[in-house]
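These notes concern the structure reproduced below.
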Amino acid sequence: MTLSQVHYTSAPPGPDGSGFRFTAVTPGVSQALLREAEPLIGYEPPRDAPPRPTTAELDSFPRAFSHSLLSDGSRLLARTVYTGADYSGRWGNFHAHAVHLPQGTCLPGGALPITAWEAAQWADRTPDGRPAPLEALVPAGRFQRDTLLRFATARAPWIAGYFADLHRLHEDPAAPQIVLVERDSADVARWIALASAVLPREQAHQLTFTTYTRRPQLARQQIIGVLPDDARGVLGQGHRYRVHDCSGDPPAGEPVPDSWAEVAASVWLSGAPELFKQAAALPGGDPFDAGPLAAAGLCAGIELGPVGRTAAADWAARHATTLGGEWLLRFTEALCAPGADRPAAESTALARLLAALEPGAPPATTAPLAALVLTTAVRHPDRLQLPCLRPSALTGDLRRRLAMDLAPQLRDGIAGDEAEPDGPATERAVELLRVADLLGVDCRDLLPGLAWRLARAVLADPDLARAPVVRRAVEERFELRAALLDKLDGLAAGDPPAAALLMARAALPFTAEQPLPHLRMCDEANRLGTEDRITSLHSVLRACGVSPFAEPLVLRTAVRLVWDGAAPTAAEGRLLLGETGSDAHRTAGTWRELIRAALESPADDQDAPELARDLLRSFSEELAPRERGALLLLEFAGDLREGAAGARWTDRAVSLRAVAEPVPAGVLEQAYRAVAERLLGEEVPADELSALTRSGDAELLAAYDRAARSKRTADRLRVVPAYAAACYVAWSAHPGAGRAWEGVRTGLLDKVLRPVVRALPEEDITALEGFLREEGARWVEEFRSWNRPGAFGRFGRRFGGRGRRSDAEAPRWGDVEPPRKDGRPS
């Protein structure tokens with residue numbers, strides 16, 4: 001392939017005009033190409049350049065060597081130099097010599113554009129005639145390996161940042177342009193040579209650059225070289241330019257967030273650029289993957305930091321199946337070299353690599369890696385989780401050495417903190433036990449404490465029992481499993497519902513050798529159906545295999561499983577007490593549940609008084625005064641209903657209440673309702689009613705008021721005149737006994753008794769008055785006065801009678817006699 005040439009300079013007047021113009025062009029070059037090339041090959045001398053430089057001074061002027069992309073996809077490689085005054089002696093002059101590379105082509109022989117720096121074929125003068133196409137641009141050999149290594153060492157503070165910007169250019173065509181500030185354009189050319197050496201070959205061929213310009217804001221190339229005086233125009237424009245000022249102080253040493261750039265800089269600064277070619281031959285495919293380059297560097301003995309080692313380990317883990325032999329052994333040994341501080345990210349990458357290699361790699365390869373990972377995981381749990389290793393991953397000698405080194409940390413971790421167990425800490429202790437078994441560290445004396453902590457942890461978090469490390473340890477280690485189940489059985493007795501939840505979520509392996517009564521009951525509780533609770537209790541007790549008479553604590557576990565914090569009903573309480581007896585309940589502490597069954601019973605529970613009587617007889621010494629008083633109230637309510645309460649009902653109820661305060665609402669209502677119903681019964685001693693009026697007990701008076709207003713009382717008032725007479729006497733008595741009684745009695749007289757009496761037929765009124773006369777003549781007069789109707793009172797009464805005469809017998813409207821003036825019947 002040949003290269004078309006163009007020459008551009010300031011020419012004297014002639015047929016083609018004067019001033020700056022193309023003075024020599026290979027035939028076939030289009031005018032469009034020349035118009036696009038003209039602004040790319042111009043030259044402005046430095047600001048401090050002498051107006052009429054000598055020949056020696058001209059050699060020190062910067063050279064503008066550029067590689068530019070044209071609009072049609074072709075490229076222009078150009079060299080522009082300052083030549084001094086022009087033909088008239090008044091203006092500065094330069095000469096530009098360029099070659100054109102059509103789209104898809106490169107320099108002859110596949111040479112990179114930067115290698116043509118100062119090639120012998122570049123001309124400083126316009127040749128005579130039209131130039132023929134160039135056959136080649138022979139490299140001048142200015143970028144030898146040693147030269148670039150010395151240059152990279154001198155520019156060490158800027159290398160990694162520069163490589164990171166090159167990577168960004170490769171990833172994003174719209175990335176910021178790179179501006180290199182150097183005092184010598186040859187140094188800019190060396191930077192570009194470094195870039196061409198680290199970039200993929202195709203990317204290096206496409207890299208555009210210029211080693212010098214006075215106006216970087218107008219430059220279109222990816223890499224731009226400027227003198228220090230010309231850099232001010234691009235500073236502070238980070239979105240457009242990445243400026244590396246190598247003419248001043250080095251950068252502050254901030255880390256570069258690009259692992260490939262960091263590793264590439266280490267490779268160059270270690271004097272091993274040939275590793276880029278070796279890394280390209282390793283599996284991976286991404287030229288900017290730091291892993292292959294870091295792996296090659298480690299095998300070559302280059303000391304890399306945590307970023308490089310992490311990248312190498314991650315890459316090797318991804319390609320573990322394609323690596324092997326002596327290279328892999330050398331790589332793992334270099335990766336695990338002692339003395340390095342390994343942060344969490346690197347430790348995690350090493351663990352991933354070990355997991356990828358361990359199934360198939362020989363022990364000689366995995367042993368150093370396994371030792372490093374194990375040691376880091378044991379000593380630095382914040383950096384790494386413990387790996388799951390097979391014994392074959394370690395050699396015998398290494399296992400013994402690790403056992404000696406790690407035994408103190410292993411035992412301390414397994415012992416843990418008895419006072420504050422939690423899920424993560426206990427799970428790690430179980431993992432450490434597995435490591436201790438792998439290394440042969442004897443920790444049998446620590447198993448009871450570990451089992452105790454593990455039992456508490458899984459009871460607090462049942463999901464922990466399903467964690468792979470815990471499940472594997474329980475299944476594989478008999479001593480730990482037996483100790484764990486024994487501790488759990490003891491804890492289940494203290495919190496049966498939690499143990500039942502654990503058994504529902506995690507199927508713990510029971511053994512026939514261990515009784516485990518409480519755990520077996522918890523397991524059975526998860527299979528209970530919809531049967532009544534007493535039947536469920538029997539099922540749970542059968543599952544434990546122990547009689548509650550022999551081991552009363554199983555009774556407590558069974559009760560807590562079946563009732564789960566709720567109080568039994570009074571009927572259930574009677575059955576519980578009757579079936580088991582008081583001694584077992586006393587030892588198990590479940591007698592308190594029986595007390596709850598009585599004291600939390602509803603007011604209409606007819607079994608509660610009987611249960612209270614049994615409890616008073618069975619637990620007389622255990623009852624607190626308040627509990628005793630409440631149970632006595634319940635028992636008293638039963639005695640009242642059975643007619644076995646003796647005398648002084650009101651005083652006894654009030655006195656028992658005082659002892660039992662605060663009395664459960666159901667107990668108080670049942671007792672006071674029984675007192676009220678007894679006071680509203682037949683043959684009530686007068687002193688009992690008097691005691692009621694004097695008591696001042698608002699709840700008792702309210703209970704009496706509710707009972708008196710009940711349908712039962714109203715029915716008796718309508719059909720039994722003697723009862724109505726007794727109620728009239730009772731509710732008319734003690735008019736000044738207090739405001740509470742006054743409100744109750746007047747309400748009952750006006751709202752309960754009066755409507756009933758006024759609806760009674762005459763014969764019932766007569767009978768009622770007869771019963772009142774037996775109490776004393778004044779009661780009849782008072783009753784008549786109280787019952788005296790208004791103008792139509794008797795009329796309403798006669799028409800309001802119910803239940804004693806049929807509609808046919810009821811008087812007609814015209815048969816009603818008008819009342820007398822004194823209100824008495826005619």
Between [X] and [Y], what is the shortest heavy-atom contact and its length?
| X | Y | answer |
| --- | --- | --- |
| Ala393 | Ala370 | O-CB, 4.1 Å |
| Ser270 | Ser266 | OG-O, 2.7 Å |
| Leu269 | Ala152 | CD2-O, 3.4 Å |
| Ala506 | Pro462 | CB-O, 4.4 Å |
| Pro391 | Leu438 | CA-CD1, 3.6 Å |
| Leu394 | Ala371 | CD2-N, 4.1 Å |

Do [X] and [Y] have side-chain heavy atoms sitting under 4.5 Å apart?
| X | Y | answer |
| --- | --- | --- |
| Asp489 | Pro517 | yes |
| Ile178 | Tyr241 | no |
| Ile223 | Leu166 | yes |
| Pro273 | Leu149 | yes |
| Arg472 | Arg434 | yes |
| Leu439 | Leu410 | yes |
| Leu194 | Ile159 | yes |
| Arg520 | Pro515 | no |

Mind telling me whether [Y] and [X] have parallel, tilted or perpendicular rings, with 30° and 60° as the class edges?
| X | Y | value |
| --- | --- | --- |
| Phe209 | His67 | tilted |
| Phe163 | Trp260 | tilted |
| Trp327 | Phe331 | parallel |

Run the salt bridge (charged side-chain N to carboxylate O under 4.0 Å, His left out) test against [X] and tell me which residues pass, sequence neighbours left out.
| X | value |
| --- | --- |
| Glu551 | none |
| Arg411 | Asp445 |
| Asp412 | none |
| Asp249 | none |

Apply salt bridge (charged side-chain N to carboxylate O under 4.0 Å, His left out) to Asp341 and Arg383, showing your working. CA-CA 12 Å; Asp341 181 32; Arg383 298 184 186 177; 3.4 Å; yes
Thinking salt bridges, do [X] and [Y] make one under a 4.0 Å N-O criterion?
| X | Y | result |
| --- | --- | --- |
| Asp258 | Arg168 | no |
| Glu524 | Arg527 | yes |
| Asp463 | Arg466 | yes |

Check this for me: Gln385, atom CD, are more than 12 non-hydrogen atoms of other residues, nucleotides or ligands nearer than 6.0 Å? no
Heavy-atom count around Glu171 CD within 6.0 Å, excluding the residue itself: above 12? yes
Nearest-0.5 Å distance that lies between atom [atom1] in [X] and atom [atom2] in [Y]:
| X | Y | atom1 | atom2 | answer |
| --- | --- | --- | --- | --- |
| Thr365 | Leu328 | OG1 | CG | 5.0 Å |
| Arg428 | Ile414 | CZ | CD1 | 10.0 Å |
| Trp452 | Leu488 | CH2 | CG | 9.5 Å |
| Ile302 | Leu275 | CD1 | CG | 5.0 Å |
| Leu335 | Leu298 | CG | CG | 6.0 Å |
| Leu369 | Leu374 | CG | CG | 10.0 Å |

Excluding sequence neighbours, so at least two apart, what forms side chain to side chain donor-acceptor pair (under 3.5 Å) with Arg242? Asp165
Applying salt bridge (charged side-chain N to carboxylate O under 4.0 Å, His left out) as the test, list every pair that has at least one member in [range]; sequence neighbours left out.
| range | result |
| --- | --- |
| residues 285-312 | Asp289-Arg318, Arg309-Glu346 |
| residues 259-276 | Arg145-Glu274 |
| residues 389-398 | Glu358-Arg390, Asp397-Arg400 |

Between Ser347 and Val373, does a side chain to side chain contact (heavy atoms under 4.5 Å, CB included) hold up when you go through it step by step? CA-CA 7 Å; Ser347 300; Val373 170; over 6 Å; no
Asp442 (side chain) donor-acceptor with Arg444 (main chain) under 3.5 angstrom: yes
Using atom types as modelled and distance alone, determine if a side-chain donor or acceptor of Thr375 lies under 3.5 Å from a backbone N or O of Leu372. no
Any pair counted as side chain to side chain donor-acceptor pair (under 3.5 Å), so long as it reaches [range], sequence neighbours left out:
| range | value |
| --- | --- |
| residues 495-505 | none |
| residues 190-199 | Glu182-Trp191, Asp187-Arg190 |
| residues 552-564 | His518-Thr557, Trp563-Glu572 |

Please enumerate all residues that pass ring-ring contact (aromatic ring centres under 6.0 Å, His included) together with His205, with sequence neighbours excluded. none
Please assess Thr147 against Arg142 for the test side chain to side chain contact (heavy atoms under 4.5 Å, CB included), listing each intermediate value before the final yes or no. CA-CA 8 Å; Thr147 301; Arg142 299 293 182 94; over 6 Å; no
Intermediate values then yes/no, salt bridge (charged side-chain N to carboxylate O under 4.0 Å, His left out), Arg477 and Asp437: CA-CA 10 Å; Arg477 184 121 189 186; Asp437 290 342; 2.4 Å; yes
Stepwise side chain to side chain contact (heavy atoms under 4.5 Å, CB included) check, Asp405 with Arg379: CA-CA 10 Å; Asp405 292 344; Arg379 292 179 175 171; 3.8 Å; yes
Side chain to side chain contact (heavy atoms under 4.5 Å, CB included) for Val267 and Leu293? Distances and angles first, verdict last. CA-CA 8 Å; Val267 168; Leu293 185 59; 4.0 Å; yes
